[in-house]
Amino acid sequence: MILARVGKEGLEDRLFSIEDGLSTLGSGLDCDIVLLDDEIQQQHLTFRVEANQFALMLMPAANAFLQRHQSKEEPIYLRAQEWVSCGNDDMLGIDGITITFSGIAPVTESAQSASPARRAMSLISLKWMVPILAGLGVACGIILAIGLSSASDSPSSARTAPAPTQASETDPAHLTSDAPGAPVPSQDTALTAASLEKTLASKGISPKDLEESNGLWSFTLYVPDDAAREKVRETLASLNLPLSADIILDSDLATAVETSLTNMQSQAELVSVHSGVVTLKGPEETAEQQKIIATLQGDVSDMAEVVFDHDDAEQIAAIKKQISGLWSGSFPYVLLTGDKIIRPGQPINDSATLIGVEKNALIVDLDGQNKRIEVNDNTTDELHQ
């Protein structure tokens, strides 16, 4: 088994193991070691380990150099499709990332080709270093990478107003109904942040970090999963506006956080991820909590916030008593006792603010933490009939 130490400026060095046989490194998820970076090819390198002898081969269109340990010569710039043997403490360089190898036996002759040995791999896209080799020893840093998805420029189709239907549990809001509400600005109308936020809110979309540059509006959006992302993309395309949304999946964040907690052997446990807010439970000591939060922030990108859970059963029970009904379709809202209507962004009480409405549940900011509060079917049926 070969050990590799990965280094990158601003991040702590991490270790991973390379087992016997062939393994690949690249940005493609079919690689054994996934390294997502703008300059990393889908398949960048192939590693070969036989009897603790180690060689690597550069793939076409990829770039890398090898610096021999204690060598005064210039680095070797690798050629595609050529095997190069490596020794202990040799350093591989790839666009600001360095990988140093150890555990290599003295090279006696060039190793022969072996059959590819694919290993179990994660199904989520991770950034910088994602070790997914079977029997992994010490894991590397994990940072989630979310692809940028821009809205389509195709013209909007004819618009109708079908009867409201209830949203699915995986949909952040009902995204197909065009019930009367906020008008959709046309390309000929000057957009403002306020008008755009109102239009997106009418579709159940709550943008974060909304910014305009040269007529293009960009923002971040958190959704539960792939299905919700596809519906959001369809909705944004139908608006026919200059939008560029960075859509981040809570499900991907959850997987990355759980992996990072396992790697750091933390006593903390993941409670939930909603709208990018990661809620944990675990150590009560502030210093230990801050250490865990700092490590997660270094390992997992695109989290909105990391908080630790606390006992709020009484507050949740009080909120439930206030709820008379809810609507999760277009223009979602919660009906409180006394026929008071609360929409996302408005306070329910002094300690809770409504964030979103789902089928049979509402999401609230409770003392700075996102909570999903389930309600009974009878409460929602009153409004969904």
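When a residue number appears, it is its place in the shown sequence, counting from 1.
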Between Glu285 (side chain) and Glu288 (backbone), is there a donor-acceptor pair under 3.5 Å? no
Give a yes or no on whether the backbone of Met59 and the side-chain of His44 come within a donor-acceptor separation of less than 3.5 Å. no
Not counting sequence neighbours, which residues clear salt bridge (charged side-chain N to carboxylate O under 4.0 Å, His left out) with Asp365? List them please.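 Asp365 satisfies salt bridge (charged side-chain N to carboxylate O under 4.0 Å, His left out) with no residue once adjacent residues are dropped.
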Suppose we screen for salt bridge (charged side-chain N to carboxylate O under 4.0 Å, His left out). Which residues come up paired with Glu374, at least two apart in sequence or across chains?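 Arg372.
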Between [X] and [Y], what is the shortest heavy-atom contact and its length?
{"X": "Ala245", "Y": "Leu236", "result": "CB-CD1, 3.7 Å"}
{"X": "Ile342", "Y": "Leu354", "result": "O-CD2, 3.4 Å"}
{"X": "Ala268", "Y": "Ile292", "result": "CB-CD1, 3.8 Å"}
{"X": "Val357", "Y": "Ser328", "result": "O-CB, 3.8 Å"}
{"X": "Met303", "Y": "Leu253", "result": "CG-CD2, 4.1 Å"}
{"X": "Thr220", "Y": "Asp209", "result": "OG1-OD2, 4.2 Å"}

Where do Asp309 and Lys371 land on the salt bridge (charged side-chain N to carboxylate O under 4.0 Å, His left out) test, with the steps shown first? CA-CA 10 Å; Asp309 198 9; Lys371 298 290 183 179; 2.3 Å; yes
Co-membership, hydrophobic cluster, residues [X] and [Y], 4.5 Å side-chain:
{"X": "Val375", "Y": "Ile348", "value": "yes"}
{"X": "Val84", "Y": "Ile99", "value": "yes"}
{"X": "Ile363", "Y": "Leu335", "value": "no"}
{"X": "Met91", "Y": "Phe101", "value": "no"}
{"X": "Ile2", "Y": "Ile94", "value": "yes"}

Can Thr192 and Ser195 be said to form a side chain to side chain donor-acceptor pair (under 3.5 Å), step by step? CA-CA 5 Å; Thr192 65; Ser195 65; 3.0 Å; yes
State the [atom1]-[atom2] distance between [X] and [Y], to the nearest 0.5 angstrom.
{"X": "Thr235", "Y": "Leu243", "atom1": "OG1", "atom2": "CG", "answer": "11.5 Å"}
{"X": "Glu269", "Y": "Thr279", "atom1": "CD", "atom2": "OG1", "answer": "13.5 Å"}
{"X": "Leu216", "Y": "Glu211", "atom1": "CG", "atom2": "CD", "answer": "11.0 Å"}
{"X": "Ile373", "Y": "Leu362", "atom1": "CD1", "atom2": "CG", "answer": "5.0 Å"}
{"X": "Ile341", "Y": "Leu336", "atom1": "CD1", "atom2": "CG", "answer": "9.5 Å"}
{"X": "Ile319", "Y": "Leu366", "atom1": "CD1", "atom2": "CG", "answer": "5.0 Å"}

What's the verdict on side chain to side chain contact (heavy atoms under 4.5 Å, CB included) for Val307 and Leu280, showing C-alpha distance, side-chain angles and the deciding distance? CA-CA 6 Å; Val307 297; Leu280 306 173; over 6 Å; no
Restricting to side-chain contact (heavy atoms from CB on, under 4.5 Å), what partner residues turn up for Thr295, sequence neighbours left out?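 With sequence neighbours excluded, Thr295 shows a side-chain contact (heavy atoms from CB on, under 4.5 Å) to Met264, Asp299, given in chain and number order.
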With sequence neighbours left out, what residues match Ala80 under side-chain contact (heavy atoms from CB on, under 4.5 Å)? none
Below 4.5 Å, heavy atoms only, C-beta onward: do [X] and [Y] meet side chain to side chain?
{"X": "Leu66", "Y": "Leu78", "answer": "yes"}
{"X": "Pro283", "Y": "Phe308", "answer": "yes"}
{"X": "Arg5", "Y": "Ser102", "answer": "no"}
{"X": "Gln81", "Y": "Met57", "answer": "yes"}
{"X": "Lys208", "Y": "Tyr222", "answer": "yes"}
{"X": "Gln53", "Y": "Ser85", "answer": "no"}
{"X": "Ser213", "Y": "Ser218", "answer": "no"}
{"X": "Val6", "Y": "Thr98", "answer": "no"}

Set of side-chain hydrogen bond (donor to acceptor under 3.5 Å, both in side chains) partners for Asp226, sequence neighbours left out: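 Only Arg229 meet the side-chain hydrogen bond (donor to acceptor under 3.5 Å, both in side chains) criterion with Asp226.
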Show your working on side chain to side chain contact (heavy atoms under 4.5 Å, CB included) between Phe54 and Arg48 and close with a plain yes or no. CA-CA 6 Å; Phe54 181 57; Arg48 182 176 66 199; over 6 Å; no
Any chance the side chains of Thr199 and Ser202 put a donor and an acceptor closer than 3.5 Å? no
Verdict with reasoning, Arg233 to Glu230, per salt bridge (charged side-chain N to carboxylate O under 4.0 Å, His left out): CA-CA 5 Å; Arg233 285 174 173 170; Glu230 290 308 310; 2.9 Å; yes
Salt bridge (charged side-chain N to carboxylate O under 4.0 Å, His left out) pairs, two or more places apart, involving residues 75-91: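 Listed once each, the pairs are Arg68-Asp90, Arg79-Glu82.
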Report, as yes or no, whether the 6.0 Å neighbourhood of atom CD on Glu74 holds more than 12 heavy atoms from other residues, nucleotides or ligands. no
Tell me, yes or no, whether the heavy-atom count around Gln346 atom CD, taken from other residues, nucleotides or ligands under 6.0 Å, exceeds 12.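 Yes, CD of Gln346 has more than 12 neighbouring heavy atoms, counting only those of other groups under 6.0 Å.
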Leu326 and Lys359: side chain to side chain contact (heavy atoms under 4.5 Å, CB included), yes or no, with the steps? CA-CA 8 Å; Leu326 59 84; Lys359 179 185 177 183; over 6 Å; no
Verify side chain to side chain contact (heavy atoms under 4.5 Å, CB included) between Val223 and Ile248, making sure each step is shown before the conclusion. CA-CA 6 Å; Val223 298; Ile248 301 172; over 6 Å; no
Ion pair Glu234/Lys231, N-O distance below 4.0 Å: no
If we check side-chain contact (heavy atoms from CB on, under 4.5 Å) with Phe47, which of these qualifies: Thr24, Leu25, Asp32, Leu22?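 Testing each of Thr24, Leu25, Asp32, Leu22 against Phe47, the sole residue satisfying side-chain contact (heavy atoms from CB on, under 4.5 Å) is Leu25.
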